[in-house]
Amino acid sequence: MSSSSRKPILISAGVALAAVTLGLVSWQATAPEDTPARTSSAAAPQASEAHAELKALARRESGDKLAVGRADAPVVLIEYSDFKCGYCGKFARDTEPELLKKYVEDGTLRIEWRNFPIFGADSETAAKAAWAAGQQDRFAQFHAAAYAEGAKEKGFGEARLVELAQQAGVPDLERFKEDMAGEAATAALRRDQEEGYRIGVSSTPSFLVNGQPIAGAQPLEAFASAIARAKAQAQPAAGAAKR
């Protein structure tokens with residue numbers, strides 16, 4: 001798990017609560033099933049409020065080019081990630097494909113990507129390039145190419161990013177370069193970054209599963225367990241809504 005540089009941020013009272021509680025809730029999310037919970041009765045209402053804050057971050061936008069899965073899926077996994085992060089690459093290669101096959105394809109899971117570059121200018125440029133590839137419906141392919149074994153060692157200069165776009169099958173490379181350098185790419189990146197900093201994300205990869213944080217490239221079993229819990233919790237809520 002890679003640490004970011006410190007950033008001065010202004011946090012609203014409600015989201016500050018979520019950020020303060022993030023570490024505690026994250027420990028519970030990634031702890032073994034037989035580990036006793038450490039939340040005191042006094043802290044429980046705060047943890048519940050923080051969880052609601054985090055769960056509400058799922059955008060569920062039908063036109064989101066950096067998301068896969070049904071917008072109405074019962075479980076949403078939000079991923080804060082950096083293309084220069086080695087552990088992010090490990091998750092992308094080893095774990096994410098299994099989540100796609102097992103949970104996205106059957107409609108259980110939606111994955112929403114958040115560009116969260118923390119390693120300087122190259123990270124930010126790669127994030128904008130991924131967004132630009134997404135405008136031509138090639139985000140998933142660009143994501144796979146940029147996270148391929150050994151890809152980050154080649155750097156993310158403009159020529160290399162165009163090469164990755166070619167590998168991803170981006171049809172209009174001139175448009176890709178214009179989009180990558182445009183104001184819309186910068187605005188999209190800032191939106192994702194501000195969201196992450198607001199809730200206390202300080203390293204990559206970081207995840208939310210229906211608002212439940214998971215820190216780092218945990219094994220598949222940790223995500224499977226979190227998705228199962230989130231789905232079980234979502235089903236009673238869906239049933240109540242229909243009545």
Practice problem: Return the orientation label for the His143 and Phe139 ring planes: parallel under 30°, perpendicular over 60°, tilted otherwise. | Solution: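 His143 and Phe139: tilted rings.
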Self-check item: Parallel, tilted or perpendicular, as decided by the 30° and 60° cut-offs, for the rings of Phe207 and Phe223
Solution: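 Plane angle over 60°, so perpendicular.
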Determine the minimum heavy-atom distance between [X] and [Y], stating which atoms define it.
X      : Y      : value
Tyr87  : Pro205 : CB-CD, 3.8 Å
Arg175 : Gln135 : NH2-O, 3.2 Å
Gly211 : Pro213 : O-CD, 3.3 Å
Arg138 : Ala168 : CD-O, 3.1 Å
Pro117 : Gln193 : CG-NE2, 3.6 Å
Tyr103 : Ala224 : OH-CB, 3.3 Å

Pair [X], [Y]: side-chain N/O donor-acceptor within cut-off below 3.5 Å:
X      : Y      : value
Ser123 : Asp82  : yes
Arg190 : Thr186 : no
Ser81  : Tyr147 : yes

Shared hydrophobic cluster, [X] / [Y] (ILVMFWY, side-chain heavy atoms < 4.5 Å):
X      : Y      : answer
Leu100 : Trp113 : no
Val76  : Leu208 : yes
Phe156 : Phe116 : no
Val68  : Phe91  : yes

Quiz prompt | CD-CG distance between Glu174 and Asp179, expressed to the nearest 0.5 angstrom | solution =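 Here the rounded value is 11.5 Å.
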Quiz item: Atom NZ of Lys231 and atom OG1 of Thr108: how far apart are they, to the nearest 0.5 Å?
Solution: 3.5 Å
Distance-only, no hydrogens or angles: does the [X] side chain make a donor-acceptor pair with backbone N or O of [Y] under 3.5 Å?
X      : Y      : result
Gln136 : Asp172 : yes
Gln218 : Ala215 : yes
Arg60  : Ala71  : yes
Ser206 : Ser203 : yes
Asn115 : Leu189 : no
Arg110 : Ala58  : no
Thr125 : Ala121 : yes

Are [X] and [Y] side-chain neighbours, meaning at least one heavy-atom pair lies under 4.5 Å?
X      : Y      : result
Glu96  : Glu79  : yes
Glu98  : Lys102 : no
Arg93  : Pro97  : no
Pro219 : Thr95  : no

Side-chain ion pair, [X] and [Y], N-O less than 4.0 Å:
X      : Y      : result
Glu53  : Lys55  : no
Asp192 : Arg59  : yes
Glu178 : Lys128 : no
Lys65  : Asp137 : yes
Arg114 : Glu195 : yes

Practice problem: Could you please spell out the steps behind the side chain to side chain contact (heavy atoms under 4.5 Å, CB included) verdict for Leu164 and Phe142? | Solution: CA-CA 6 Å; Leu164 289 171; Phe142 185 93; 3.7 Å; yes
Quiz item: Do Phe83 and Trp131 have ring centres separated by under 6.0 Å?
Solution: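 So the answer is no for these two rings.
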Practice problem: Evaluate salt bridge (Lys or Arg N to Asp or Glu O under 4.0 Å) for Arg191 paired with Glu61, printing each intermediate quantity in order. | Solution: CA-CA 14 Å; Arg191 180 190 185 192; Glu61 297 168 354; 2.9 Å; yes
Quiz item: Is Gln166 atom CD crowded by more than 12 heavy atoms from other residues, nucleotides or ligands, each under 6.0 Å away?
Solution: yes
Quiz prompt | Heavy atoms of other groups near Glu153 CD, more than 12 under 6.0 Å | solution = yes
Quiz item: Applying the side chain to side chain contact (heavy atoms under 4.5 Å, CB included) test to Leu77, which of Leu99, Val104, Ile214, Asn210 qualifies?
Solution: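 Answer to the side chain to side chain contact (heavy atoms under 4.5 Å, CB included) test with Leu77 among Leu99, Val104, Ile214, Asn210: Leu99.
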